[in-house]
Amino acid sequence: MKFLSDFSNIFKRYDLDTEVKKQEARKISDDPVLDAIGKFVVEGEAEDIEAPVKKALETKAPMDVINDGLVKGMNEVSRLWDEGVYFLPQVILAADAMNAGIALCEAKMGKAMDRKGKVVTHTAEGDIHDIGQVIANALLNAGGFEVINLGCDCPVDTVVATVKAEKPIMVTGTALMTTTMTAFPKICHQLEAAGIVIPFISGGGAVAEEWSTSFPLSIWGKEDGWSCGLAEDALAGMGWEDMRSKWNG
Amino acid sequence: MNSKERVLAVLNHQKPDRMPCFTANSTVTYDQMEKVGAYWPEGHDQAEPMAKQAMAAYTILGFDVVRAPFDQMTEAEALGAKVKSGGEKGIPGAAEPPVYTIDDIPPKELPADYLSRARIPELLKAITIMKKELGDEVLIEAGIIGPFSIAAYLLGVTKTLKASLKAPDKLLPFLEISEKAGTALAHALIDAGADIIANEDMTASPDIIMPKSYHDLVYQFQAKQFEEINVPTILHICGDVGSIIEWEGKSGPDILSLEPATDLKLAREIVGPKPIFMGGADAAKVLFMKTPDEVKAACREQVEAGIQILAPGCAVAPGTPTENLIAMVEVAKSYTS
Ligand code: B12
Ligand SMILES: [Zn+2]
């Protein structure tokens, strides 16, 4: 194809070569098997990760494999994402690899791993922009929380009903459109009316800080990297008002 | 100069009487719907209301070009994707599940009846109505969707993002048919009366995929597409496109539609003098949320930085106040030559 002829330099010029980026990943563990597990998370290899996870499970407790290999790998992915080295596809693939590893560990334990608390996540009704939510799910999952993922285009009533049934420590919403973000105050008012007082994180490109903090329960979630910090505060019993003054300006 | 002469002057790299104002994306708002008495959801799938809503950009706002359609599902729906209506307030979007998995191989050629599928016939009719009503004074713009975004609608966005890294080869046949779908639609739109073709490829944004994926996967198809379209073209990719703008420029559109996130001075250095820069106030954070004065300030800043056609940064949010859009036109009017 004629238009591809003159591009031999692009990788060097823009530093776009993924091989270069990979080298920026830090060592995960001094234990070679755990390091391999972490590395496969960082590289998003959901298939290749199985062998080292199985090998590690021969000698190590499943929760150690999760915490010292899989989650450490995902923490490294968060760092690379925060620093702008990683793009969305890498984060999504890393989450897949981590989840594949966790599934093997859970099979070995014969039960689901103990989680710190439940977080209900959703993308607003009418909104299919769910990438921010997908990333939040991955980070919360890696942070040891149980994610109840309601997916995109999720009706207000479904969110409220799920919160009533599941009793999570926190709810999150992602909205990228000015036409859909109006669902958040509706959810918060309905929760309040039902006597449920839990933090609601308003996330997504459409919502600004000023708006997010204009209705009860809501705290502005500026970036996905905040997900676990917010959930930890909720878990520790911090109320939404205190969380708002801590995280928002 | 009337609007048509003004825009033609800019397209020919000549001096217009003043800066033009129009956009690569949707212009429809609830307020304009009220004013022209045509509403959603009909405006998304019936020629008459669609044309009325598009023409409001000229008759109500004073934009220099009118443009349809207002959603991004036209080609994907005609290729079999299921669409969820947005009702009276929203915009049609992709419904789950996507038509294909990444292990499928899509058809190599478009179905013989492609142009009579889904909402394409009504869109073509709308363009013809717009041409007949306003064609003497205003250029008619029609939108197609870029190959990467169509492919993402056919496969699902998350799956497409994964494939961009792990199985780029499997994406190629999807990009190929998506390019053909956009190009065939463009040809039909031109036959129906379109003077300008805008290509929106939101999912190809560096906010979403790696710049390397844009170069390796998207660029060649966009270049092929622009080569096959023989009217002036616009390329719109969302977000800060600094890392891909060289290739956007080389793909050959006449106009690059840029969001304020992109550094315009740097962009100009990279692409050279030829592509015309279109842009202005951020569609969501400024046009929708701020006051007319703030809109004006944001627009002026962008013009000073190198914008040649004033425009909302991206699709106009339907709740945007009319006075904010008119404020933009006023800024354009203040830049005379
Ligand atoms: C990719 C994209 C798409 C993809 C979406 C793919 C997907 N599955 O998500 C596709 C092509 C499908 C799409 C479609 C449309 N899109 Co679109 N799209 C975008 C784009 C380019 C990027 C959005 C994105 O994913 N960003 C990356 C993610 C990670 O960002 P984010 O979700 O905001 O998350 C960040 C924070 O908000 C926060 N966050 C988010 N959630 C959470 C949760 C927690 C707990 C925390 C702590 C933080 C947090 O963390 C993230 C950063 O770390 C934007 C423009 C832009 N550059 O922003 C337009 C944009 C969002 N789209 C827009 C529009 C209008 C549309 C369409 C209606 C287009 C049309 N005319 O048909 C359709 C929507 C149909 C529908 N009913 O939903 C508009 C919305 C305007 C508005 N504000 O009202 C935008 C803003 C473009 C514009 N006009 O300016 N789009
Ligand atoms: Zn855009």
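Protein chains get the first letters and strands the later ones, always in sequence-line order, with residue 1 at the start of each.
- Heavy atoms of other residues, nucleotides or ligands lying less than 6.0 angstrom from CD of B/Glu88 number 12 at most.
- Under a cut-off of 6.0 angstrom, the local environment of CD in A/Glu47 is sparse, with at most 12 non-hydrogen atoms contributed by other residues, nucleotides or ligands.
- Contacts between B/Tyr214 and chain A at a heavy-atom distance below 4.5 Å are absent for every atom of the residue.
- Counted within 6.0 Å of CD on A/Glu210, heavy atoms from surrounding residues, nucleotides or ligands total 12 or fewer; the atom is thus considered open.
- A/Ile131 has its side chain within reach of B/Leu161: a pair of non-hydrogen atoms, C-beta onward, lies under 4.5 Å apart.
- B/Tyr30 has its side chain within reach of A/Thr179: a pair of non-hydrogen atoms, C-beta onward, lies under 4.5 Å apart.
- Distance check: B/Leu287 CG to A/Thr178 OG1 gives 11.0 Å after rounding to the nearest 0.5 Å.
- Atoms CG and CZ, from B/Leu165 and A/Phe87 in turn, are 11.0 Å apart once rounded to the nearest 0.5 Å.
- Heavy atoms of A/Asp96 lying under 4.5 Å from chain B belong exclusively to its side chain.
- Taken to the nearest 0.5 Å, the CD1 atom of A/Ile92 stands 11.5 Å off from the NZ atom of B/Lys159.
- Counting heavy-atom pairs closer than 4.5 Å to chain A, the top-ranked of the candidates B/Lys89, B/Lys285, B/Lys166 is B/Lys166.
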